[in-house]
> 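Quick one: structure below, then a few questions.
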Number of protein chains: 2
Amino acid sequence: MKRPTIADIARRAGVSKGAVSYALNGQPGVSEATRARIMAIAQEIGWRPNLAARSLSGARADAIGLVLCRPARFLGVEPFFMELISGIEGELAASSCALMLQVVPDHETEIAVYRRWWGEGRVDGAILVDLHADDPRVPVVERLGMPAVVTGHPSGAGSLTAVWSDEAAVMREVIEYLAALGHRRVARVAGLPGLLHTRIRDEAFAEVCAESGVSEHQVVHTDYTGEQGARATRRLLSSRSRPTAIVYDNDIMAVAGLSVAQEMRLDVPSELSIVGWDDSALSQVVRPALTAVTRDIPACGAHAAQTLLRLIASGERGSHEGPSARLLPRGSTAPAGRDRTVSHVP
Amino acid sequence: MKRPTIADIARRAGVSKGAVSYALNGQPGVSEATRARIMAIAQEIGWRPNLAARSLSGARADAIGLVLCRPARFLGVEPFFMELISGIEGELAASSCALMLQVVPDHETEIAVYRRWWGEGRVDGAILVDLHADDPRVPVVERLGMPAVVTGHPSGAGSLTAVWSDEAAVMREVIEYLAALGHRRVARVAGLPGLLHTRIRDEAFAEVCAESGVSEHQVVHTDYTGEQGARATRRLLSSRSRPTAIVYDNDIMAVAGLSVAQEMRLDVPSELSIVGWDDSALSQVVRPALTAVTRDIPACGAHAAQTLLRLIASGERGSHEGPSARLLPRGSTAPAGRDRTVSHVP
DNA sequence: AAATTTCACTGAACCGTATCAGCGCCCTCT
DNA sequence: AGAGGGCGCTGATACGGTTCAGTGAAATTT
């Protein structure tokens, strides 16, 4: 019992294959009566278009690609990607477009994957995440001519379409908020230094700190893991003039930082304020709940997917800003306390 | 500048398309000299097999499917899936097989996706996760004839190949450990009651508790979110004879539970022991670090993928056990204390 | 009424690969 | 020397769709 083809339908309907193709694709060229008859037969015998045959005839592959380039063990930790994916999915489902996913260890492999996918006609386009400064993927994808949407600042996206959110503006919001609370020594536990958004945040951090009277500010770069977040925090809190507030680049490090503070008998928020980034369920589960920069990540994914689908369908280029982030104060931030080092027990 | 095809190679090599096909696929039928020449030309002009054409000619689709059926907002929370995916990927990469991912809201949609993927020839098989009791997907996939590997107990997998780990044995390990520490009132904050592994754990929990002298034991079912984990914990800890130990079905709920305990001024572990499940980075980041059931999830994914690839390649059926889980004691469990309700401050 | 257009449909070509039957050719065996 | 067999290759066909040029009949225009 083979899978039915349009030839089977044509035979049963007593028409040609061509007519069946027109009928099933809503093309003009058949009468409404014939169309209905053909549709009914297709339905009855359970016909489905063979994707391979369809894309062989020059049509879409009906799939887009997403490559994640982080070591496997770090991926699970960050809710970010899973949320992004579910957002992308939501948009794709409507167009019955599939998502091809691959996890790779480095950019070289990632580029090879794009080459293969595009060469094999497996995808119609791709979403590039984790944009780096001078990202090597950009020129390659440009040269391939593969439609692509980059999530990150347009300055690094070359001629590719970018969707981004204004990281600098949010950083300003965060620092001015902390400054207003009286914090004058603020540290930042940042993510991978190679990432473009890390650099943008770094710059904005330094600039706004200087402007807002945050006299002492420093940045520690990490690999986003809780472990490194904890270590950075321990070091910061052990220094002679320890910060009264720390801004983390993701949730897991913020939670790790909170634990370290508690371990060191520093009360959060009275003795140390903590701000997380890319707010997830995690931030709300710990005590105190974390003040965090929050962003609708699924919506970002959906926005990127939508932009890519439009780019594929109609060649519509042009970068535009996606859902923006904002600071959501919760219990982990408070006015800067007096400078004391004794332990505080509630 | 079109993508090169085997016809281009044939022209340049002065042979027929057939010869080129044999050469490139390592089939007999061409001399080694010709093969080498053809390979060199293919390399030179950057030829890649067109996936669509290849699978149209009856070959593989070179992709397997994975459908995740949980509400989008819960997905990000659980590191589980992302780790599973990276494990699967690791195995697939070696066979240059792709992963098609889809996130759906319910089983009905999930089944429709399998129908479509298989009908369209988009995948060669699929990995089914989150096996339910009387899972409606199993008979459908069986009938479709799509190769599939189910992650879950064989009792629910019908004739499909299952890869599983012995949940009951681990539950025994956990409960006997707690019993040995003197705990006599143990609660379990479980996941979705419909999932097969939830039922298996439920049963094992009740059975082993009874055997080990854990006189009071109860189960609360949740949806795996931190929120419900917190609520369940609050209720358990407010009851008249509150448990001295709680076993959670995932990490995020365990962390939420820990926070609730701290909020209620119960010391962990001296007044309340906490055990998590599916140990992730999260467990190690909080204070005290969580005692947890740990399992190499990427390895589970790799194992499932490998089993599926074998099933596709050689029809090799037969369920077998995957990487097993074990209890990893950390700081959140301790001997059951005296029964006191006053707050404990270190 | 003749000319033209529109409509509904047919038949064939085409996409890029895999595969099969067949065909010389050379080598080996008797 | 003739039969037999394997090697190396060719040419054709299949896979399941899409698409385009063409065709006969009906409808519309002139």
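Here is how names work: the chains are called A, B, and so on, in the same order as the sequence lines, proteins then strands, and each is numbered from 1.
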> Using a cut-off of 4.0 Å on non-hydrogen atoms, how would the nucleic acid contact of A/T34 be classed: base, sugar-phosphate, or nothing?
sugar-phosphate
> Between B/S31 and D/dC7, does any side-chain N or O lie under 4.0 Å from OP1 or OP2?
no
> So, for A/A98 and B/R122, which heavy atoms are closest and what is the spacing to 0.1 Å?
CB-NH1, 3.8 Å
> Within the structure shown, what part of the strands sits under 4.0 Å from A/V20 by heavy-atom distance: base, sugar-phosphate, or nothing?
nothing
> Round to a whole Å and report the spacing from CG of A/D62 to C1' of D/dG17.
13 Å
> Which heavy-atom pair separates A/L144 from A/W118 by the least distance, and what is that distance?
O-NE1, 3.2 Å
> Under 4.0 Å between any heavy atoms, over every strand shown, what does B/G121 touch: base, sugar-phosphate, or nothing? Just pick one.
nothing
> Count the heavy atoms belonging to other residues, nucleotides or ligands that lie under 6.0 Å from CD of B/E44, then report whether that count exceeds 12.
yes
> Between B/H320 and B/G318 (side chain of the first, backbone of the second, donor and acceptor by atom type, cut-off under 3.5 Å), is there such a pair?
yes
> What's the CD1-P distance between A/I38 and C/dA8, to the nearest Å?
13 Å
> Between A/L160 and A/E142, which heavy-atom pair has the shortest distance, and what is it?
CD2-CG, 3.8 Å
> Rounding to an integer number of Å, can you tell me how far B/R60 CZ sits from D/dC15 P?
18 Å
> Taking A/W117 as the fixed residue, which of A/D124, A/V67, A/I64 is the one that meets the side-chain contact (heavy atoms from CB on, under 4.5 Å) rule?
A/V67
> In whole Å, I'd like the distance from the CD1 atom of B/I9 to the P atom of D/dT10.
14 Å
> For nucleotides 12-22 of chain C, give me one character per nucleotide, 5' to 3': B if any protein heavy atom sits under 4.0 Å from the base, S if the only such contacts are to the sugar-phosphate, - if neither.
---BBBBBB--
